[in-house]
Amino acid sequence: MHVDAYAELIGTPRPPSVAPALEALLNQSMLRVEIVAEPRFCGSWFADATCNGNGLFHLVNTGECLIESEALEQAWHLQAGDLVVFPHGDPHRLRARDITTDITTSLICGELRYASHTRHPLSHALPACFVVRDAQADTLFRQLSAMMVEIAKTEVPGRKVLLNKLADTLFTLAVCDYAHRHADQQGLFAALADNRICKVLQAVHEEPGHPWTMQNMAALACMSRSAFAERFAQLMNVPPMQYVTQWRVNVAERLLHDPDLSVASIAERLGYSSEAAFRRLFKRVSGICPGHIRAGSRHARGLRGQPDEPRQGVR
């Protein structure tokens, strides 16, 4: 759900504004957020989280703890309501802060899974670890985290589904909070703070199939081609046309999971007149063929008991 619309719906102050380019990126992201554990600890304890290829996060339900990782210069103290995120799944350890007390600490732990074989712009932009403090978060974030905590305590029907959906929204708010606080750094979030580059990113994210060229992107930014190319590469660490290609492949992978869309129609939707050219580009960028994505998607649907045959005329 749109962040501002949700805030108006529940009558709370709006969180910091979200760049439209970031909204467009999040809307098209193949990111799955899933709760995987709800542990409780008391007294002297520690828990290791090793790298499993997915991002990881922990919401402190009750109590407090320390979190340690090679990605951090020093241990961080976490309190109830704090959310810590390891977007790339760096190994870390959670442990009791004070072994002399019997404070009960409970956590809601989850995974972030980018269902993409190409590196997603958001994954590339986020640091090894970041935290959203309950004391510094906006009202909406605190209300959603409190709602997760309450649901975690109950046996309400659909509990796991509700927790996953709330976790997805909470992660989105966490990303928006990070973007708001770190707009001065290099990369995606710095580009979002540049009105000219942000305007181009929004258009590319919303219309990946548009016939983008250096000339029309520079014109959209109201810059010369050379100045635009230099500024874009300076902020994003990648040339404009290369970013367009990478984003198209990210979007294509999401579309390839739809059995009602043929590879030819996806190629056309993303601005490629030749299916063969699209297949070659997709394999060059992602390292796999479109057919591999199709096969994996059919297998997953079969495990869920869903039909995997497309409508007539769809390949």
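All heavy atoms count here, side chains included; hydrogens, waters and symmetry mates do not.
Using cut-offs of 30° and 60° for the angle between ring planes, the His92 and Phe86 rings count as parallel. Between Phe232 and Phe228, the ring planes lie tilted relative to each other; the angle falls in the 30° to 60° range. Ring geometry for Tyr243 against His205 counts as tilted: the plane angle lies between 30° and 60°, on a 0 to 90° scale.
Cluster annotation: Val244 is connected to Met214 through the hydrophobic network of ILVMFWY side chains, with a link wherever side-chain heavy atoms come within less than 4.5 Å.
Without hydrogens or angle criteria, Asn27 side chain to Glu23 main chain gives a donor-acceptor distance under 3.5 Å. At distances below 3.5 Å, not a single donor-acceptor pair connects side-chain atoms of Arg279 with backbone N or O atoms of Cys289. Remark: side-chain polar atoms of Thr105 are not paired, donor with acceptor, to backbone N or O of Phe41 under 3.5 angstrom. In this structure a side-chain-to-backbone donor-acceptor pair under 3.5 Å is missing from Thr50 to Pro91. Between the Trp45 side chain and the Arg40 main chain, no donor and acceptor come within less than 3.5 Å of each other. Of the possible polar contacts, one joining the Asn216 side chain to the Pro211 backbone as a donor-acceptor pair under 3.5 Å is found.
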Could you go through Arg133 and Trp76, starting from their C-alpha distance and side-chain angles, then the distance that decides it, and tell me whether this counts as side-chain contact (heavy atoms from CB on, under 4.5 Å)? CA-CA 11 Å; Arg133 301 285 185 184; Trp76 285 357; 4.2 Å; yes

Please report the C-alpha distance between Leu256 and Val263 in whole Å, then the side-chain angles of each, then the deciding distance to 0.1 Å, and finally whether the side-chain contact (heavy atoms from CB on, under 4.5 Å) criterion is met. CA-CA 7 Å; Leu256 284 166; Val263 175; 4.1 Å; yes

side-chain contact (heavy atoms from CB on, under 4.5 Å) between Leu126 and Val85: does it pass, once the steps are laid out? CA-CA 10 Å; Leu126 291 172; Val85 184; over 6 Å; no

Might you work through the side-chain contact (heavy atoms from CB on, under 4.5 Å) test for Phe189 and Leu235, ending with a clear yes or no? CA-CA 9 Å; Phe189 299 122; Leu235 292 174; over 6 Å; no

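Few gaps surround CZ on Arg159; more than 12 heavy atoms of other groups in view lie less than 6.0 Å from it. The number of heavy-atom neighbours closer than 6.0 Å to CD of Glu68, taken from other residues, nucleotides and ligands shown, is above 12. Within 6.0 Å of CG in Asp48 there are more than 12 heavy atoms belonging to other residues, nucleotides or ligands.
We find the SG-CD distance between Cys109 and Glu111 to be 10.0 Å, quoted to the nearest 0.5 Å. Going from atom CG of Asp194 over to atom CZ of Arg231 covers 4.5 Å, rounded to the nearest 0.5 Å. Rounded to the nearest 0.5 angstrom, Asp134 CG and Ser145 OG are separated by 5.5 Å. Note that CG of Leu270 and CZ of Arg248 are 7.0 Å apart. Values are rounded to the nearest 0.5 Å. Rounded to the nearest 0.5 Å, atoms CD1 (Ile108) and CG (Leu163) are 6.0 Å apart. Within the model, atoms CZ of Arg95 and CG of Leu66 stand 4.5 Å from one another, a figure rounded to the nearest 0.5 Å.
Taking every heavy atom of both residues into account, Ile293 and His257 meet most closely at CG2-NE2, 3.7 Å.
Residues Ile35 and Met148 form a side-chain contact, since some pair of their non-hydrogen atoms from C-beta on lies under 4.5 Å apart.
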